[in-house]
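Report on one structure; see the data block that follows.
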2 protein chains.
Amino acid sequence: MQIRNGKAFSAPTLDDLDTKLIELLRVNGRATNQELADRLSVTAATVSTRLRRMEDAHVMRVVAVTDFSAHNYNVLIALGVKVQGRDVRQVGRDLAKLPEVLSVNIMNGPHELELLVGLHDFGEINTLLLEHIAAIHGVTHISPGIAADIVKFEFNVVPL
Amino acid sequence: MQIRNGKAFSAPTLDDLDTKLIELLRVNGRATNQELADRLSVTAATVSTRLRRMEDAHVMRVVAVTDFSAHNYNVLIALGVKVQGRDVRQVGRDLAKLPEVLSVNIMNGPHELELLVGLHDFGEINTLLLEHIAAIHGVTHISPGIAADIVKFEFNVVPL
DNA sequence: ATTGAAAGGAGTTGGAC
DNA sequence: GTCCAACTCCTTTCAAT
């Protein structure tokens, strides 16, 4: 359970049909209601109702995703960031606004924040670190150099 | 440039219209072609052509994403994993198959792999660590306990 | 909660610019 | 590459079960 708009909010239970709809939309988010209906042996009207219900309940959303190459992100780097004198979460949100920053995790470790950043080339690393990240209030230390490669990036599970 | 099906493959350049279409589909992936067309002052036929072209070129995809709560992932944990005697990438792929594992990054640091895992509750942590992760060939050490919280999880940039 | 039918709306294709 | 127009197909609504 979570709080949304100041009210307690429970996600409705997903039955078999809901789950199967999500599964199909994961493969093709622009499949027509009719196509989904045919595949699951229900009517398009039912699909329409179910999808609306899930979207309204913020259980599922259909969105466009793009390839790394479409953004020309050829270099992927993980960064540890130390924070002092400011709320960690707030610093994290500031960092998250940078377009190069793909993910921001708050950690209980030597570095309060851990970032995954995408760059067009290695030449950008200094600009990014010095001008963009180090410039943010509260950031006291950056540990770069730990090049990362992504094996799995589960975009199907996101906070909405 | 990348290699796909044994052939050199260059993503087509995205012009203004393509970019704006993606932007709109990021907000609502099930917007109708007509709606997109109206907003961008072109015809639905043009939108149809552009979307097909981008999907065929694997530049963009529209997919369903679900909320953490829909999966009942209430606990989020980052894990460092040490690997010995086996290819790191291969171990990473094995770990990626576990449903709890949301992301797998290959790192050049003390831990060769870094995972982000989702759990239904803290009680699951022992099962996950001992029975699922430690059981994978090549895994020699796990550093748990660094609880994580996600500020940003950029699902809009994924390998397709 | 699902259905069926009907009316309005949307998608695609081919030909012209 | 975009548009127009026509045809086909889809979406939504509402009464009924």
Side-chain angles (χ1 to χ4, degrees), chain A residues 1-2 4 7-67 69-72 156 160, chain B residues 1-2 4 7-67 69-72 156 160:
Chain A
M1 186 164 73
Q2 47 181 304
R4 193 170 282 157
K7 283 187 189 171
F9 178 92
S10 280
T13 323
L14 301 183
D15 68 8
D16 227 52
L17 181 55
D18 293 319
T19 310
K20 282 177 182 155
L21 280 170
I22 292 175
E23 228 163 84
L24 290 175
L25 288 173
R26 274 190 179 167
V27 177
N28 176 16
R30 287 184 78 73
T32 62
N33 289 358
Q34 188 64 54
E35 197 177 321
L36 299 168
D38 291 346
R39 285 203 178 205
L40 300 176
S41 306
V42 292
T43 61
T46 303
V47 171
S48 186
T49 312
R50 292 298 191 109
L51 291 186
R52 179 193 296 277
R53 195 172 64 83
M54 287 197 286
E55 284 172 8
D56 287 353
H58 293 268
V59 161
M60 178 217 65
R61 218 172 33 172
V62 177
V63 299
V65 294
T66 52
D67 191 278
S69 64
H71 285 266
N72 286 316
N156 282 321
L160 296 189
Chain B
M1 186 164 71
Q2 49 182 300
R4 193 171 282 158
K7 283 187 188 169
F9 177 91
S10 280
T13 323
L14 300 183
D15 68 8
D16 227 52
L17 181 56
D18 292 320
T19 310
K20 282 178 182 154
L21 280 170
I22 291 175
E23 227 164 83
L24 290 175
L25 287 174
R26 273 189 182 168
V27 178
N28 176 16
R30 286 184 78 73
T32 62
N33 288 359
Q34 189 63 54
E35 197 176 322
L36 299 168
D38 291 347
R39 284 202 178 206
L40 300 176
S41 305
V42 291
T43 61
T46 303
V47 171
S48 186
T49 312
R50 292 298 191 108
L51 291 187
R52 179 192 296 276
R53 194 172 66 83
M54 288 197 285
E55 282 172 10
D56 287 353
H58 293 268
V59 161
M60 177 217 65
R61 219 172 33 174
V62 177
V63 299
V65 294
T66 51
D67 191 276
S69 63
H71 285 265
N72 285 316
N156 281 323
L160 297 188

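Heavy atoms only: backbone and side chains are in, while hydrogens, waters and symmetry mates are out. Below, chains carry the letters A, B, ... as their sequence lines are ordered, and counting in each starts from 1.
Residues A:Arg30 and A:Ser41 each lie close to DNA chain C; by heavy-atom proximity, the contact nearer the 5' end of the strand is made by A:Ser41. Toward the 5' end of DNA chain C, the nearer of the two residues A:Val42 and B:Arg52, judged by each one's closest nucleotide, is A:Val42.
Side-chain atoms of B:Asp18 come within 3.5 Å of backbone atoms of B:Asp15 as a donor-acceptor pair (strictly under, hydrogens ignored).
Note: CD (B:Glu55) to C1' (C:dG11) measures 13 Å, nearest angstrom. For the pair A:Asp16 CG and C:dA1 C1', the computed distance is 15 Å after rounding to whole Å. At whole-Å resolution of the value, CG in B:Asp38 and C1' in C:dA10 are 11 Å apart. Atom CD of A:Glu35 is separated from atom C1' of C:dT12 by 15 Å (rounded to the nearest Å). Atom CG in B:Asp56 sits roughly 12 Å away from atom P in C:dT12 (whole-Å rounding). Atom CG of B:Leu36 is separated from atom P of C:dG9 by 18 Å (rounded to the nearest Å). Remark: P of D:dC3 and CG of B:Leu40 are 11 Å apart, rounded to the nearest angstrom. Look at CG on B:Asp15: it is 9 Å from P on D:dG1, rounded to the nearest Å.
With C:dT12, C:dA1, D:dC10 as the candidates, the nucleotide lying closest to the side chain of B:Ser48 is C:dT12. The A:Ala44 side chain lies nearest to D:dT11 when the options are C:dT2, D:dT2, D:dT11. Nearest to the side chain of A:Ala45, among D:dT2, D:dT11, C:dT3, sits C:dT3. Among the nucleotides C:dT2, C:dT3, D:dT12, the one closest to the side chain of A:Arg50 is C:dT2. Checking D:dT12, C:dT12, D:dC4 against the side-chain heavy atoms of A:Asn33 singles out D:dT12 as nearest.
Heavy atoms of B:Leu17 sit under 4.0 angstrom from primed sugar atoms or phosphate atoms, though from no base atom. A:Thr46 comes within contact range of at least one nucleobase, with a heavy-atom separation under 4.0 Å. Within the nucleic acid shown, A:Gln34 comes within 4.0 Å of at least one base atom, counting heavy atoms only.
Checking each of B:Asn28, B:Leu24, B:Thr46 against B:Leu36 for a side-chain contact (heavy atoms from CB on, under 4.5 Å) leaves exactly one that passes, namely B:Leu24.
Side-chain contact between B:Arg30 and A:Asn33: present, with at least one pair of heavy atoms (C-beta onward) separated by less than 4.5 Å. With contacts defined as side-chain heavy-atom distances shorter than 4.5 Å, the pair B:Met60/B:Glu55 qualifies.
Minimum heavy-atom separation, B:Ala44 to B:Ala37: N-CB, 3.5 Å.
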